[in-house]
Participant: 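The structure that follows is given in the form of structure tokens.
The figures that follow rest on heavy atoms only: side chains count, while hydrogens, waters and symmetry mates do not. Naming: A, B, ... by sequence-line order, numbering from 1 per chain.
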Amino acid sequence: MPAPARSYWLLKSEPEVFGYADLERAGTEAWNGVRNYQARNFLRAMKADDLCLIYHSQARPSGVAGVARVLRAAVPDTLQFDPASPYFDARSTPDQPRWSMVEVAPLAALPRFLPLDELRGLAGLDGLRLLQKGSRLSVMPVSPEHFRVIVAVGGLEAERL
DNA sequence: GCCAACGTTGGC
DNA sequence: GCCAACGTTGGC
């Protein structure tokens with residue numbers, strides 16, 4: 001049976017807090033603390049070996065910094081059970097976890113960081129959610145075509161990732 | 001179920 | 001720091 005097709009995603013992160021370079025240093029990281037239901041549902045749709053664009057938000061400039069790989073499907077976000085965490089959620093129980101997280105590993109930094117400004121000017125990105133007005137989701141799907149265009153302009157070949 | 005108030009996100 | 005957009009909360 002053929003492996004299910006890879007899916008592609010975009011993960012936002014503030015580089016002052018945790019950027020692509022931090023992911024490379026860490027080697028692997030739990031992508032936790034997502035507290036938006038739509039974003040959570042996308043996390044839950046991720047499969048092992050899916051690829052994620054790591055997008056730096058609240059940065060100067062903001063833009064796509066690298067590609068990460070999903071190591072395994074989503075599991076309950078441990079922070080929701082930790083009263084000391086800002087991501088604690090008293091409504092969550094181990095039986096009924098409300099929030100999810102995935103484990104990701106760095107795959108490749110973009111040889112050319114891709115600022116948001118430049119993304120807006122690129123052909124072939126119509127419908128990319130990141131570029132839609134008022135889009136604030138921190139986890140969102142990216143079509144295979146959009147993924148290929150973005151990494152290509154950033155200096156990577158999608159087929160080799 | 002409606003909707004106003006409030007909080008958060010994120011570009012600039 | 002400003003502000004637009006969006007999500008959540010809670011009174012009714």
Side-chain angles (χ1 to χ4, degrees), chain A residues 7-26 29-46 50-70 74-104 106-143 145-156:
Chain A
S7 299
Y8 300 92
W9 311 92
L10 181 144
L11 298 174
K12 284 184 190 171
S13 180
E14 300 180 26
E16 298 257 315
V17 179
F18 191 87
Y20 187 78
D22 297 303
L23 181 59
E24 285 193 327
R25 269 188 291 277
E29 184 75 9
W31 212 265
N32 52 21
V34 172
R35 294 293 179 270
N36 168 284
Y37 288 105
Q38 223 180 334
R40 179 206 68 182
N41 292 342
F42 289 136
L43 286 177
R44 289 182 176 178
M46 291 183 183
D50 281 359
L51 298 187
C52 304
L53 300 169
I54 302 299
Y55 177 85
H56 287 173
S57 62
Q58 317 253 57
R60 295 208 296 240
S62 294
V64 179
V67 180
R69 193 169 63 88
V70 176
V75 296
D77 181 342
T78 50
L79 299 181
Q80 70 195 307
F81 305 121
D82 177 3
S85 167
Y87 298 109
F88 176 69
D89 189 336
R91 302 165 300 182
S92 288
T93 65
D95 281 352
Q96 298 258 302
R98 193 170 288 245
W99 306 110
S100 301
M101 66 180 187
V102 292
E103 192 81 11
V104 299
L107 188 59
L110 285 197
R112 280 188 60 243
F113 177 86
L114 224 65
L116 179 58
D117 247 11
E118 194 173 336
L119 284 174
R120 291 193 202 283
L122 287 180
L125 294 184
D126 283 357
L128 179 66
R129 207 154 168 155
L130 179 75
L131 301 182
Q132 282 162 15
K133 187 175 169 178
S135 161
R136 294 185 319 174
L137 268 190
S138 62
V139 181
M140 66 182 80
V142 176
S143 75
E145 293 73 23
H146 289 165
F147 181 86
R148 190 178 47 72
V149 169
I150 291 169
V151 298
V153 177
L156 297 172

Participant: Arg91(A) side chain: which of dG10(B), dT8(C), dT9(C) is closest?
Facilitator: dT9(C)

Participant: Kindly state whether the ring of Phe81(A) and the ring of Trp99(A) have centres lying under 6.0 angstrom apart.
Facilitator: no

Participant: Please determine if a side-chain N or O atom of Tyr55(A) lies less than 4.0 Å away from the OP1 or OP2 oxygen of dG11(B).
Facilitator: yes

Participant: Once you round it to whole Å, what is the distance between P of dG7(B) and OH of Tyr87(A)?
Facilitator: 18 Å

Participant: Without decimals, in angstroms, what is the distance between Leu116(A) CG and dT9(B) P?
Facilitator: 18 Å

Participant: Could you tell me the separation between the CZ atom of Phe42(A) and the C1' atom of dG7(C), rounded to a whole number of Å?
Facilitator: 15 Å

Participant: Does the pair Asp77(A) and Arg98(A) meet the rule for a salt bridge (Lys or Arg N to Asp or Glu O under 4.0 Å), with working shown?
Facilitator: CA-CA 8 Å; Asp77(A) 181 342; Arg98(A) 193 170 288 245; over 6 Å; no

Participant: dA5(C) P sits how many Å from Leu130(A) CG, rounded?
Facilitator: 17 Å

Participant: With a 4.0 Å cut-off on heavy atoms, is Arg35(A) in touch with a base, just the backbone sugar-phosphate, or nothing at all?
Facilitator: nothing

Participant: Specify the separation, in whole Å, of atom CD of Gln58(A) and atom C1' of dG11(B).
Facilitator: 8 Å

Participant: Taking only the side-chain nitrogens and oxygens of Arg40(A), find out if one of them lies under 4.0 Å from OP1 or OP2 of dG7(C).
Facilitator: no

Participant: So which of residues 131-141 of chain A are in contact with DNA chain C, with a heavy-atom cut-off of under 4.0 Å?
Facilitator: Lys133(A), Gly134(A), Arg136(A)

Participant: Run the numbers on Val102(A) and Val104(A) for side chain to side chain contact (heavy atoms under 4.5 Å, CB included), then give the verdict.
Facilitator: CA-CA 6 Å; Val102(A) 292; Val104(A) 299; 3.9 Å; yes

Participant: Starting at atom CG of Asp117(A), determine the distance to atom P of dG10(B), rounded to an integer number of angstrom.
Facilitator: 17 Å

Participant: How are the rings of Trp31(A) and Phe18(A) set relative to one another: parallel (under 30°), tilted (30 to 60°) or perpendicular (over 60°)?
Facilitator: perpendicular

Participant: Within this structure, what is the CG-to-C1' distance between Asn41(A) and dG7(C), rounded to whole angstrom?
Facilitator: 14 Å

Participant: Could you tell me whether Arg129(A) contacts a base, only the sugar-phosphate backbone, or nothing, with contacts defined as non-hydrogen atoms closer than 4.0 Å?
Facilitator: nothing

Participant: Under the side chain to side chain contact (heavy atoms under 4.5 Å, CB included) rule, what do Leu110(A) and Val64(A) come out as? Steps first, then yes or no, please.
Facilitator: CA-CA 8 Å; Leu110(A) 285 197; Val64(A) 179; 3.8 Å; yes

Participant: Under a 4.0 Å N-O cut-off, is there an ion pair linking Glu118(A) with Arg112(A)?
Facilitator: yes

Participant: Between Arg129(A) and Ser135(A), does a side chain to side chain donor-acceptor pair (under 3.5 Å) hold up when you go through it step by step?
Facilitator: CA-CA 7 Å; Arg129(A) 207 154 168 155; Ser135(A) 161; 5.5 Å; no

Participant: Remember a base hit wins even if backbone is also touched, and classify Gln38(A) as base, sugar-phosphate or nothing at under 4.0 Å, heavy atoms.
Facilitator: sugar-phosphate

Participant: Report the distance from atom CZ of Arg120(A) to atom C1' of dC12(B), rounded to the nearest whole Å.
Facilitator: 10 Å

